[in-house]
Undergrad: 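This is the structure, below, for whatever I ask next.
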Number of protein chains: 2
Amino acid sequence: MAGGGSARGKRSRVTLRDVAELAGTSRSTASRALSGTGYVAEHIKERVQAAADSLGYVPDVSARTLKGRSSGVIGLLVSDLRNQFYAELAAGVEHTLSSEGYQVVLVDDHGSAERAVDAARAFLAMRADGVLIAPVGRGATELLVEHGMPVTEVDRRSGVRGCDVVTIDSRAGARAAVDHLLALGHRAIGVVVDETFWDTGRDRLKGYRAALRAAGVTAGRRHVLDLGHTARPAQEEVGRFLDSEPTLTAVFAANNVVAELVWLELKRRGVSVPDQYSLVSFDDLPWMRMVDPGVTAVRQPVFAMGERAAGLLLERVRRGGGGRSVSDVLEPELAVRDSTSAPRG
Amino acid sequence: MAGGGSARGKRSRVTLRDVAELAGTSRSTASRALSGTGYVAEHIKERVQAAADSLGYVPDVSARTLKGRSSGVIGLLVSDLRNQFYAELAAGVEHTLSSEGYQVVLVDDHGSAERAVDAARAFLAMRADGVLIAPVGRGATELLVEHGMPVTEVDRRSGVRGCDVVTIDSRAGARAAVDHLLALGHRAIGVVVDETFWDTGRDRLKGYRAALRAAGVTAGRRHVLDLGHTARPAQEEVGRFLDSEPTLTAVFAANNVVAELVWLELKRRGVSVPDQYSLVSFDDLPWMRMVDPGVTAVRQPVFAMGERAAGLLLERVRRGGGGRSVSDVLEPELAVRDSTSAPRG
DNA sequence: CTGTTAGCGCATTCAG
DNA sequence: CTGAATGCGCTAACAG
């Protein structure tokens, strides 16, 4: 069986030296036998293997890494693991990375640029082979790229040069969402975002505006609610927004967090969806097809984005970190459900 | 700012030697200055610090680890990151661990005992300081404990001795859920589980049976559906179960995955909840209070469980891996919503 | 094909 | 208070 029984806990680790001694070879031969690199007689190889198994030998990656070889570690930096979006992103990343034999070091920066930089430093210190990051600032990516660390950004782009980027076309997705509302006859369409620092929030706003413009509808500045700056509880703020803009017949929520907020406020008020308000979310979560009415949503290929980003990073790692920076934009698609219909009146 | 500008990418890493040279000291002095251990003149310390900053020096953990000090890494093994339960568990773990300066290496074993053992070996190889694991077999924990690695199990227990365990009282939670149904007057209560290999599934079944027994209701063997052995699509299987046991007035779903399945099947059939069927879930997820009617659920302190397990592991790590094994059982609580009412007829 | 030698970068003796 | 020397475990040259 794996490990045999003779490895007794605790006592100083068994090292290659022990394996070599037991097998009656030198350490280098043992090393070659186990790593499969270089020449080594078949019967010796077997003997070493047996010795390693019986001692429960586990190679020390620190030593291997120190020696200059790969650490086999990839850093992953996300903003909030409890948000299903990031959990799924992480799952996608983990999926391709672990299938390639890499370990994932996961850090949740909770949206803090400072913590992101700390994490970046930790990845550097661990001699990670590369880093995947959903940036919350330029700092972390800058630090990493400066140090020659292969980096691929996911979901958002910091604007730092020298790394790959995989995003979802926020603008097109928002455009599709709002076009859908316009086609149904809506003209007074509100949009709720929780930040406009990143391209995600900004581009969704742009897509919203572009759709209105293309339809010849003037986009009232007051139809935009940015939760990013408000201190008040967010749901309450949504309520004020709805009160202050009574002509609205539809709301576009810029991400799943905002969509939940809007949805809860609508439910709290007991207003009918889609009769009173139509609702569209950017980002599709399981609950959106479970509630009644189902929420029309822009579906993002999140898991695939994670896989793609990981794949790109690995390519970069393999060519030594250099080369052209590729920028991949994945297309979202609109899933029409029952939260959208022609406007009231 | 941190790192200065002079770190040019790529070129061989800057090491302590470089810092020492620039600061005009020996490497040992530089080491002491930066690590804050041992004597070193104040002005020298500042000079070294400045040199390190200007070069963008980042210490090499591999070297440090090799030297015998802590790797600063804790392994975390979960079964399915896309399941909100595990995502939240991971978030809780990450929360306390990162606040203590540890890095988390996350592996998703997708419920495979084999992959779990591989991950365990990887943690050993990385010289992780400890490992948190939601076991899917004895193998991984055994390997780890055998090698003297501090281990804390979460959510499930493998039964391997020598590690701490933090779980939630499945039996009590199930008991509360079924007692609730019984109090409402239900007598024909079905239960759906997706495994009975682990204590989670088994104990929930036990709790279910204990509740019935205490109420003097004979628990029909046919009222139990174990999805674990079925090849057929699970939701379809739930449908067959419902058809074959037409007297059921309530269903207890043993976890969030099963609850979703049952809920979807009920919705597909267009039967009224709670009028036709009452539904209770073990594990409370956000969607359960968003759907209509809200799903009555056994709420588990998942995030707290993650934090607690991480805390316990750290204690063990600090005392060198030995000591008494503590076993912590957290209490769940029932959140009554509208999916449960008195039975039909 | 195999053994000997030499570090990787760091923290720690031990002298000065 | 500081510097020179040593070795953590492993692998890559180089001889044999």
Side-chain angles (χ1 to χ4, degrees), chain A residues 7 11-49 51-52 55-73 121-122 124-129 147, chain B residues 7 11-49 51-52 55-73 121-122 124-129 147:
Chain A
R11 304 278 338 126
S12 61
R13 302 194 159 291
V14 9
T15 126
L16 194 55
R17 177 201 204 88
D18 304 319
V19 175
E21 270 175 14
L22 181 60
T25 74
S26 72
R27 284 174 278 169
S28 6
T29 303
S31 169
R32 281 188 296 251
L34 293 176
S35 68
T37 330
Y39 302 101
V40 61
E42 195 53 36
H43 65 284
I44 296 278
K45 181 181 279 184
E46 280 164 15
R47 187 137 45 95
V48 172
Q49 191 58 257
L55 291 176
Y57 171 70
V58 179
D60 186 321
V61 289
S62 307
R64 185 180 309 195
T65 302
L66 185 58
K67 189 60 191 157
R69 299 187 53 69
S70 139
S71 65
V73 157
R121 212 183 306 279
L124 247 16
M126 301 179 78
R127 301 299 183 253
D129 292 336
H147 282 258
Chain B
R11 304 280 335 126
S12 60
R13 301 194 158 295
V14 7
T15 123
L16 195 56
R17 177 202 202 86
D18 304 318
V19 175
E21 270 174 15
L22 181 61
T25 74
S26 74
R27 283 177 278 166
S28 0
T29 303
S31 171
R32 282 188 295 251
L34 294 176
S35 69
T37 329
Y39 300 102
V40 60
E42 194 54 38
H43 66 283
I44 296 276
K45 181 181 278 186
E46 282 165 14
R47 189 136 45 93
V48 173
Q49 191 58 257
L55 290 175
Y57 171 69
V58 179
D60 186 320
V61 289
S62 308
R64 186 179 312 199
T65 302
L66 186 58
K67 192 55 191 160
R69 299 186 54 68
S70 140
S71 65
V73 158
R121 214 183 305 280
L124 247 16
M126 303 179 77
R127 302 295 184 256
D129 292 336
H147 282 257

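Each chain gets a letter, A, B and so on, in the order its sequence line appears, and its residues count up from 1.
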Undergrad: Just N and O in the side chain of B/T15: are any of them under 4.0 Å from OP1 or OP2 of C/dC10?
TA: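 So the side chain of B/T15 is within the cut-off, an N or O lying under 4.0 Å from OP1 or OP2 of C/dC10.
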Undergrad: Hey, which sits more toward the 5' end of DNA chain D by its nearest nucleotide, A/T37 or B/H43?
TA: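 Here B/H43 is the residue nearer the 5' end.
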Undergrad: Please round to 10 degrees the angle between the axis of the first five pairs and the axis of the last five pairs in the helix from C/dC1-D/dG16 to C/dG16-D/dC1.
TA: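 The value is 40°.
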Undergrad: Measure CD1/B/I44 against C1'/D/dT2 and give the value in whole Å, please.
TA: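 Distance, rounded to whole Å: 8 Å.
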Undergrad: Using whole Å, what does the distance between atom C1' of nucleotide C/dT2 and atom NZ of A/K45 come to?
TA: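 For the pair A/K45 NZ and C/dT2 C1', the rounded distance is 14 Å.
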Undergrad: Quick check against the 3.5 Å criterion: does B/R47 have a side-chain atom that pairs as donor or acceptor with the backbone of B/A23?
TA: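 Flag set: sc B/R47 to bb B/A23 pair under 3.5 Å.
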Undergrad: For A/Y57 and D/dG9, what is the distance between atoms OH and C1' respectively, to the nearest whole Å?
TA: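 Rounding to the nearest Å, OH of A/Y57 and C1' of D/dG9 are 7 Å apart.
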Undergrad: In whole Å, what is the span from the CZ atom of A/R13 to the C1' atom of D/dC10?
TA: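 The distance from CZ of A/R13 to C1' of D/dC10 comes to 14 Å, rounded to the nearest Å.
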Undergrad: Tell me: CZ of B/R17 to P of D/dA5, nearest whole Å?
TA: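 Nearest whole value for this atom pair: 13 Å.
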Undergrad: Dump every N/O contact between nucleotides 3-7 of chain C and the protein below 3.5 Å, one line per pair.
TA:
from	atom 1	to	atom 2	distance (Å)
C/dG3	OP2	A/S26	N	3.2
C/dG3	OP2	A/S26	OG	3.3
C/dG3	OP2	A/T29	OG1	2.7
C/dG3	N7	A/R32	NH2	3.1
C/dG3	O6	A/R32	NH1	3.1
C/dT4	O4	A/S28	OG	3.0
C/dG7	N2	A/K67	NZ	2.8
C/dG7	N3	A/K67	NZ	3.4

Undergrad: Between B/Y39 and D/dG3, is there a side-chain N or O to OP1/OP2 distance below 4.0 Å?
TA: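 For B/Y39, the contact criterion (side-chain N or O under 4.0 Å from OP1 or OP2 of D/dG3) is not met.
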Undergrad: Within this structure, what is the CG-to-P distance between A/L16 and D/dT11, rounded to whole angstrom?
TA: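 Roughly 7 Å, once rounded to whole Å.
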Undergrad: Has B/S31 got a side-chain N or O lying under 4.0 Å from the OP1 or OP2 atom of C/dA11?
TA: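 Yes.
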Undergrad: Assign each of B/V40 and B/R127 to its nearest nucleotide of DNA chain D by heavy atoms, then name whichever residue's nucleotide is nearer the 5' end.
TA: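 Looking at the nearest nucleotide for each, B/V40 comes out on the 5' side.
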Undergrad: For B/R64 and C/dA11, is the shortest distance between a side-chain N/O and OP1 or OP2 below 4.0 Å?
TA: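 Affirmative; the distance criterion is met.
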Undergrad: Write down the distance between CG (A/L66) and C1' (D/dT6), rounded to a whole number of angstrom.
TA: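 Rounded to whole Å, this separation is 15 Å.
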